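Presented below is the structure to which this report refers.
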Amino acid sequence: PRPSSSAPPRPSSSAPPRTDGDPRSDGGRGVHAELARASMDAMGSSLPEPPAPSRAERIARIVEELRRAGPESHAPLRRRLLAFGEEALPALARSFPGAIWVDLSRPHRPLRSARSLSAVAAAMVAFGDAAAPHVERLLRSSKPEARLAAALVAADLMHADLVRPLAARLQDDHPAVRNAAMVALRAAALLPEARRLRSELVTTLQDESRPPEWRKKAAWTLGQLRDAEAVPQLIEQLGAPAEVSEAARRALVRIVGRDIGRFRFRWRGWWNGHGDQGRERWLMDALDQADDRLRRRAFDELVLLTGEGFDRRAALATRDGAREVAAWFRERPPRGRRDT
């Protein structure tokens, strides 16, 4: 019989795949994948660990978080930054004042502390005396919000080296900065440097051999400081040359809240009757005057002095309303020591 010429039978297409590890079972893909994974693992284990962040990098990261922090989230960040010591201050100063928590373009209650302004300003206060050189430079910043924040930090620090830089800010273009500098200087009034500054101003004011422009500037500065102790000396300068006497009169009006005129005898009479009452009482009494402009100025000075009554400004539209505000100030419970 003739041998069969048919091909041997092929396995059925439904037969299970080979599982004996032969590379032909998947074209070698499985082995190649395993080799690739092993190679990657070996390479990964041989790469060096990424370097840990330097101290400067860690400081920069914390400061950046502080720069954006809100009133509820900044305390833990501040504590972390303080752990680096004075090394952190330059980075903090470069980010000063950070995100401000109040709208400086709108009237608001007088800010009494940098802790209520921004997280960066609050952190600057926390560094204490070590921050003073940085605050001195920030008081000369080109940004008014930075100068304002720096003045508030200075009020919290009460450092002797900041007295004269703050006095320079009494001439700032922005009223909020001027007021913050005044509040800071009043807070530092008992420091020897502040007492020397005041003594120099009074001496210049009274020295008739000094140029009138110097004496005028001294009177203006005492008014900006709201220096109640200088009232008798300012009264006597009402008899000085015109530019000095007018500066002294404007300073007196700012301090006591009312205008009693150009003549010394009238001011002397007022001083004899009211001098020992203190500035807060002078300003409360000044709310009961017919001049609407002076009434409002006296109220603004009371708010600056006490930090209270801001929400009662609308009542000043009438004299009767202003009297009610004055009565409220007199009857409110005391809140600790106040400047006089």
Side-chain angles (χ1 to χ4, degrees), residues 129 131-141 147-148 150-257 262 264 267-268 271 275-276 278-280 282 301 304-305 337-340:
D129 290 348
H134 300 277
V135 176
E136 182 178 359
R137 288 190 289 272
L138 289 165
L139 283 167
R140 301 190 299 270
S141 171
R147 299 196 301 273
L148 170 62
L152 290 170
V153 171
D156 288 325
L157 294 179
M158 291 193 290
H159 195 284
D161 291 348
L162 298 176
V163 169
R164 293 184 184 272
L166 283 167
R169 291 276 63 82
L170 295 174
Q171 303 177 66
D172 200 276
D173 294 336
H174 291 262
V177 179
R178 294 198 298 270
N179 287 339
M182 180 273 294
V183 170
L185 286 167
R186 293 295 293 159
L190 297 180
L191 292 177
E193 184 64 25
R195 301 302 294 177
R196 280 194 293 272
L197 174 63
R198 181 190 176 278
S199 178
E200 290 171 13
L201 290 169
V202 172
T203 299
T204 300
L205 175 69
Q206 295 176 310
D207 188 348
E208 296 180 3
S209 68
R210 300 288 181 93
E213 183 63 29
W214 292 17
R215 298 171 66 194
K216 173 183 174 182
K217 183 65 173 295
W220 179 88
T221 305
L222 289 167
Q224 292 298 309
L225 288 171
R226 281 60 161 185
D227 190 341
E229 294 180 25
V231 168
Q233 291 85 3
L234 288 166
I235 289 174
E236 294 310 308
Q237 295 310 308
L238 294 176
E243 58 182 314
V244 178
S245 64
E246 185 57 30
R249 180 184 175 187
R250 287 196 295 268
L252 286 167
V253 173
R254 182 175 293 279
I255 294 168
V256 308
R262 296 184 294 110
R264 282 179 290 183
W267 279 98
R268 287 169 178 163
W271 178 255
D276 60 352
R279 187 166 182 251
E280 187 173 326
W282 303 340
E301 290 294 327
L304 274 172
L305 180 60
R337 179 184 179 277
R338 295 185 179 86
D339 291 328
T340 57

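Any value given below was found using the heavy atoms of this structure, including those in side chains, with hydrogens, waters and symmetry copies removed. Just so we're clear, the structure is a prediction, and the values are computed from it rather than from any experiment. We're numbering straight along the sequence, starting at 1.
- Between K216 and E246, the closest side-chain pair of non-hydrogen atoms is not below 4.5 Å.
- Between L138 and V153, every side-chain heavy-atom pair lies at or beyond the 4.5 Å cut-off.
- Closest of all the heavy-atom pairs between L170 and W220 is O-CH2, 3.1 Å.
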Apply the test salt bridge (Lys or Arg N to Asp or Glu O under 4.0 Å) to residues R268 and E236: give CA-CA distance (whole Å), side-chain angles for both, the deciding distance (0.1 Å), then the verdict.
-> CA-CA 9 Å; R268 287 169 178 163; E236 294 310 308; 2.8 Å; yes

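- Rounding to the nearest 0.5 Å gives a distance of 10.5 Å between CD of E193 and CG of L162.
- The shortest distance between side-chain heavy atoms of L252 and L238 falls below 4.5 Å.
- Of all heavy-atom pairs between A176 and L148, the closest is O-CD1, 3.5 Å.
- Summarising the geometry of A187 relative to M158, their closest heavy-atom pair is O-SD, 3.0 Å, with the distance given to 0.1 Å.
- Taking CZ of R250 as the start and CD of Q224 as the end, the distance is 10.5 Å to the nearest 0.5 Å.
- The side chain to side chain donor-acceptor pair (under 3.5 Å) contacts involving residues 167-176 comprise R147-D172, R169-D172, Q171-K217, where partners must be two or more places apart or lie in separate chains.
- No side-chain donor-acceptor contact under 3.5 Å links S199 to the backbone of R195.
- Residue G275 comes nearest to W282 through the heavy atom pair O-CZ2, 3.4 Å, listed as atom of the first residue, atom of the second, then distance.
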Decide side chain to side chain contact (heavy atoms under 4.5 Å, CB included) for L225 and R198; before the verdict, give the C-alpha distance in whole Å, the side-chain angles of both, and the deciding distance to 0.1 Å.
-> CA-CA 9 Å; L225 288 171; R198 181 190 176 278; 5.7 Å; no

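- Environment of CZ in R164: crowded, with over 12 heavy atoms of neighbouring residues, nucleotides or ligands closer than 6.0 Å.
- Partners of E301 according to the side chain to side chain contact (heavy atoms under 4.5 Å, CB included) rule, which considers only residues two or more places apart in sequence or in another chain, are R226, R254, R279, L283, L304.
- Taking both residues in full, the closest heavy atoms of A194 and A188 are given as CB-O, 3.1 Å, listed atom of the first, atom of the second, then distance.
- Counting heavy atoms from C-beta outward, E208 and R215 have side chains that approach closer than 4.5 Å.
- In this structure, the separation between CG on D227 and CG on L201 is 8.5 Å, given to the nearest 0.5 Å.
- Using a 4.5 Å heavy-atom cutoff, the side chains of T221 and L197 are not in contact.
- Scanning both residues, T204 and R210, for their nearest heavy atoms gives OG1-NH1, 3.1 Å.
- In this structure, the side chains of Q206 and Q237 come closer than 4.5 Å at one or more pairs of heavy atoms.
- Annotation: side chain to side chain contact (heavy atoms under 4.5 Å, CB included) contacts of A184 (sequence neighbours excluded): A155, L166.
- Here the straight-line distance linking atom CD of E200 with atom CG of D207 works out to 13.0 Å at 0.5 Å rounding.
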